[in-house]
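See structure below.
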Protein chains: 2
Amino acid sequence: MAQRITLADLAEKTGLNISTVSRALTRPGRVSAETRRLVEKVAADLGYMGNIAARNLSRGTTETIMVLAPNFTGQAISPVFTEVLLGVCDEAESLGLSVMIHSHTGQPIPTADVMRFLHNHTVDGILLIATEKWDRAVAGHKDGPAPPVISVMHDLTSEGLSSVVAQEEEGFVAVVDHLAGLGHRSFAYIAGLPGVYHEVRRYAAVRDRLTALGLQDGLVPIEGGPFDLASGFAAAGRFLALDQRPTAAICCCDALAIGFMQGVRQAGLSVPDDVAVAGYDGLDYTAFITPALTTAVQPSAEIGRAGVRMLDDFLKGRITAPRLVSLAPRLAVRESA
Amino acid sequence: MAQRITLADLAEKTGLNISTVSRALTRPGRVSAETRRLVEKVAADLGYMGNIAARNLSRGTTETIMVLAPNFTGQAISPVFTEVLLGVCDEAESLGLSVMIHSHTGQPIPTADVMRFLHNHTVDGILLIATEKWDRAVAGHKDGPAPPVISVMHDLTSEGLSSVVAQEEEGFVAVVDHLAGLGHRSFAYIAGLPGVYHEVRRYAAVRDRLTALGLQDGLVPIEGGPFDLASGFAAAGRFLALDQRPTAAICCCDALAIGFMQGVRQAGLSVPDDVAVAGYDGLDYTAFITPALTTAVQPSAEIGRAGVRMLDDFLKGRITAPRLVSLAPRLAVRESA
DNA sequence: CTGTTAGCGCTTTCAA
DNA sequence: TTGAAAGCGCTAACAG
């Protein structure tokens, strides 16, 4: 699309200097009321729209942030990510920021790759979604101030990156307490991808809580896999093969839980009578399956919003030291447990 | 993030002219091998990364496309959108395009708002997702060539906009034929939002096919609502209140189908014995609910990819006349019907 | 193959 | 309050 009307055109048409026109449009308070009106009228008449690229170059800013997610491409996308994205777009719009979205195949994302988007002025700041690693040495802030990069759904404050996360531990504590309160004494734990941040922390939370309740002997970890339905389904097979099956199953995430339920029910077990099942995430459709899934609901959209707000605070220089924001999930007790 | 290394720095360091350095980096074939190596080495040493904003301004291009979706913010997001987005990001990356994402509250999106992103050089082209309207007069291509805007999931070729869509009619024909083949003679149609493109076309497809089969008298339209779970659940109430309930329910989309199933099963009906249920979309989790949903699976990611390819063709001038690409869904027969 | 020279369109001192 | 002028960093003719 050819762009024709420039500030120069407006300057010519109004007989004003180009810099005056620019001022009239960007800080109306710094020109006379008359000038402002004139410029605005002519701009409207000519359909002036400006050139963002030129403004970006001149100002050295882009008013754009990037959402950078690993593995976004080429595999089933997590609905959690979608919800976070929704919050991000929402908040960005209200702050006047544009959002660019980029996926990186493979986890972790090299820090240098992330920094490049900042250095080459593609965007002003970056939101890392569930990214496993950050190398502050590579990013060049061993001691200095952190770059405008925020980690979302993953606590990277140990590497100096501000983060906003869900209080996953509390979510799993609530799940364990609920199941224990129901009288369960043996618990399968359907694991996510081995070694991955969320898997490690969630398992630890379950184990620690069971230990605190003196129920640690009842814990039976079961291999799951990627955070998807198929892995949960496969885990059900392992569960069914157990000599002594636990009466409850705590799943690392909702997708695993749904796949798992499908698997055990297909084998003739009843949920929750033969095995109670609980998940974590709070995907909206978990309320509309049969049986409805008991799960800890994360405030995913709010996490996205908070991330954008924090990033904006960084960009505007309102904050400079890394900080951690963590939002509480809420247990939704439904039919499955 | 301050950027320090510029082409001027490289020019100084190498003793070459800045334009030679630029050339060495952007069209290595047009400089001597020696020069190229020298420049590359110095660039690497200094950690040169370029300035995208400057390049954009100079080239008059952004190498960025925008995904513009209505109602993306503030309501439950459609998993279909997510899948399309996945395809978009995938294809864009392989074409070297960045993708910006933007939501517009309210449908339809005014054509002028869309055009502004092009005129002000925010992006080079736009992918409209399921947008209801386009006004070629406002866009300024009553007769001339169309702007680099592609409509996805919504046929807007009548307004001169290239579009890529699913063959929804064929999907619903397959659903109807399948149910009829099962012996059903009475069909509830659970509607989407009244008047909306997808709702109108899908209902028409169902009605026409039933008519072709001489089964039109068995069609009972039931009010649904927005394309979400809750609306389907509510529709189940209306279905249950019917004097004579059809033996099959064709739902305008999967979300409605799942909510509907939940509703009728909660009332004690069995699916598919008391009522067979079929959806449309092919959301991945429909295979993992109980009973697994029979549905027409759209190639959503592929639709996103095709949209990006088409947009790229426009941008590169490979095509100029509007065209329509439509991809066939495939019926997934599962337990619910 | 390389250097010179204009810009791209806007912002922003610095004077007037 | 307005104008003049100098860039932002890169690209792209056009010469040489």
Side-chain angles (χ1 to χ4, degrees), chain A residues 1-40 42-43 46-64 116-124, chain B residues 1-40 42-43 46-64 116-124:
Chain A
M1 286 289 82
Q3 142 125 25
R4 287 168 319 280
I5 314 301
T6 69
L7 282 187
D9 297 321
L10 299 189
E12 188 187 357
K13 202 80 173 182
T14 57
L16 293 164
N17 185 280
I18 185 173
S19 65
T20 305
V21 176
S22 171
R23 241 176 265 129
L25 259 20
T26 55
R27 37 265 257 139
R30 281 199 185 49
V31 297
S32 73
E34 190 182 3
T35 300
R36 181 169 58 74
R37 256 197 320 277
L38 172 61
V39 171
E40 278 170 356
V42 174
L46 269 49
Y48 174 75
M49 295 188 176
N51 181 318
I52 299 292
R55 162 179 297 199
N56 287 351
L57 176 58
S58 187
R59 295 227 265 236
T61 198
T62 64
E63 306 294 312
T64 302
R116 173 164 291 110
F117 291 114
L118 261 18
H119 286 313
N120 71 11
H121 289 227
T122 298
V123 295
D124 291 346
Chain B
M1 288 287 80
Q3 141 127 26
R4 287 169 319 281
I5 314 303
T6 69
L7 282 188
D9 296 322
L10 300 190
E12 187 186 359
K13 203 78 173 182
T14 56
L16 292 164
N17 185 280
I18 185 174
S19 65
T20 305
V21 176
S22 171
R23 240 175 267 131
L25 260 19
T26 55
R27 35 268 256 131
R30 281 198 184 51
V31 297
S32 74
E34 190 181 2
T35 298
R36 181 169 58 74
R37 256 197 319 276
L38 172 62
V39 171
E40 278 170 356
V42 174
L46 267 49
Y48 173 76
M49 295 187 177
N51 180 318
I52 299 292
R55 162 180 295 199
N56 287 351
L57 177 58
S58 187
R59 293 227 266 235
T61 199
T62 64
E63 304 296 312
T64 302
R116 171 164 292 110
F117 291 114
L118 260 18
H119 286 314
N120 71 11
H121 289 224
T122 299
V123 294
D124 292 346

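Below, read A as the first sequence line, B as the second, and so on, with proteins coming before strands; counting in each chain starts at 1.
Rounding to whole angstrom units, CZ of residue Arg27(B) and P of dT11(D) are separated by 9 Å. Following rounding to the nearest Å, Arg4(B) (CZ) and dG9(D) (C1') show an atom-to-atom distance of 15 Å. For the pair Leu57(B) CG and dA6(C) P, the interatomic distance rounds to 18 Å; values are reported in whole Å. As rounded to whole Å, 8 Å separates atom C1' of dC10(C) from atom CZ of Arg55(A). Distance, Asn51(A) CG to dC8(D) C1': 13 Å, rounded to whole Å. Here the P atom of nucleotide dC10(D) and the CD1 atom of Ile52(B) are 10 Å apart, to the nearest Å. Between Leu25(A) atom CG and dT2(D) atom C1' the separation is 16 Å, expressed in whole Å. For Leu7(B) and dT11(D), the CG to P distance is 6 Å, given to the nearest whole Å.
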Close N/O contacts between protein and nucleotides 2-4 of chain C (under 3.5 Å):
from	atom 1	to	atom 2	distance (Å)
dT2(C)	OP1	Ser32(B)	OG	3.2
dT2(C)	OP1	Thr35(B)	OG1	2.5
dT2(C)	OP2	Ser32(B)	N	3.0
dT2(C)	OP2	Thr35(B)	OG1	3.3
dG3(C)	OP2	Asn17(B)	N	2.9
dG3(C)	OP2	Thr20(B)	OG1	2.7
dG3(C)	N7	Ser19(B)	OG	3.4
dG3(C)	N7	Arg23(B)	NH2	3.3
dG3(C)	O6	Arg23(B)	NH2	2.7
dT4(C)	OP2	Asn17(B)	ND2	3.1
dT4(C)	O4	Ser19(B)	OG	3.2

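The two atoms that bring Met49(A) and Asn120(B) nearest to each other are O-CB, 3.4 Å, heavy atoms only. The two residues Tyr48(A) and Ile5(A) have their closest heavy-atom pair at CD1-O, 3.5 Å.
Under the 3.5 Å distance criterion, the side-chain polar atoms of Thr14(B) are matched with a main-chain donor or acceptor of Leu10(B). With hydrogens and angles ignored, the 3.5 Å screen pairs no side-chain donor or acceptor of Ser22(A) with any backbone N or O of Ile18(A).
Note that CZ of Arg55(A) is 9.0 Å distant from CG of Leu7(A), once rounded to the nearest 0.5 Å.
In this model, no side-chain donor or acceptor of Ser22(B) finds a partner on the base of dG9(D) within 3.5 Å.
In this structure, Tyr48(A) does not reach the dG9(C) phosphate: none of its side-chain N or O atoms is under 4.0 Å from OP1 or OP2.
Considering only residues two or more places apart in sequence or on other chains, Thr62(A) meets the side-chain hydrogen bond (donor to acceptor under 3.5 Å, both in side chains) condition with Asp124(A).
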